[in-house]
Amino acid sequence: MEQYFTNQPAANATERTKITVSLAGKELNLEGAEGVFSARHLDKATAILLAGAPTPPATGTFLDLGCGWGPLAITLGLLSPSAQVLAVDVNERARDLTRTNAQRAGVSLQVGGPEEILATAKAGGGLDLIWSNPPVRIGKKALQELLLTWLPLLKPGGEAILVMGKNLGADSLQKWLCTQGFPTRRLASKKGFRLLAVSPA
């Protein structure tokens, strides 16, 4: 089965799936597609993050790391319309879906690949908030490299909210982040998932 974290997934791009979801209290009719993570519904881990994350600040620069079809970025845009919301994914189809879904939801996002969004975040002085259901199935080493690319961009007082399955290594990830100089605390434990809050180094 094709992995959703490839740049250009081979599954038929024209086959869109309808996703009806409530984000930030707003009922939305959005789209997914094969070759994109959780193509037909809001996945359980992302739902736990949305339910348990602290309310984002009214302004700042926020990042959805691994945006998929865009539920986290869209929620950030709905909750904080004055913020700059960035959405990054290596998957080109995911980026297209996020752009389409953001337009449907009436929110303004900057969506791009890693190099573009990394440059934007650095040019703006860093990030105030990161929300992510990180792609743990890329492997431990690749996941660590991913986090060490983006977490150093957190500004003082900023925070990253991550959700991860306990059986996929959430507790060891929390310990590892602390050893890397990023204080990490558990916000919640629900349905086999950990919600982690990571502070800047």
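Worth saying up front: this structure is predicted, and the values here are computed from it rather than measured.
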| No-hydrogen, no-angle side-chain donor-acceptor test under 3.5 Å, Asn101 and Thr98 | no
| Nearest 0.5 Å, what's the CZ-CG distance between Arg194 and Leu196? | 8.5 Å
| task | Decide, yes or no, whether a salt bridge links Glu34 with Arg16 under the criterion of side-chain N to carboxylate O below 4.0 Å. | result | no
| message | Between Arg99 and Asp96, does any side-chain N to carboxylate O distance fall below 4.0 Å? | response | yes
| message | Would you say that more than 12 heavy atoms from the other residues, nucleotides or ligands in this model lie under 6.0 Å from the CD of Gln103, or not? | response | no
| task | Would you give the length of the straight line joining atom CG of Leu162 to atom CZ of Arg186, rounded to the nearest 0.5 angstrom? | result | 13.5 Å
| message | Checking side-chain polar atoms at under 3.5 Å, does Glu31 have a donor or acceptor matched by the opposite partner on Thr100? | response | no
| Will you find, in the side chains of Gln174 and Thr184, an N or O donor that is under 3.5 Å from an N or O acceptor? | no
| said: Would you say that more than 12 heavy atoms from the other residues, nucleotides or ligands in this model lie under 6.0 Å from the NZ of Lys190, or not? | reply: no
| Atom CG of Leu63 and atom CD of Gln84: how far apart are they, to the nearest 0.5 Å? | 10.5 Å
| request: Indicate whether the side chain of Thr17 and that of Arg40 have a donor and an acceptor atom separated by less than 3.5 Å. | output: no
| Under 6.0 Å from the CZ atom of Arg104, do we count more than 12 heavy atoms belonging to anything else shown? | yes
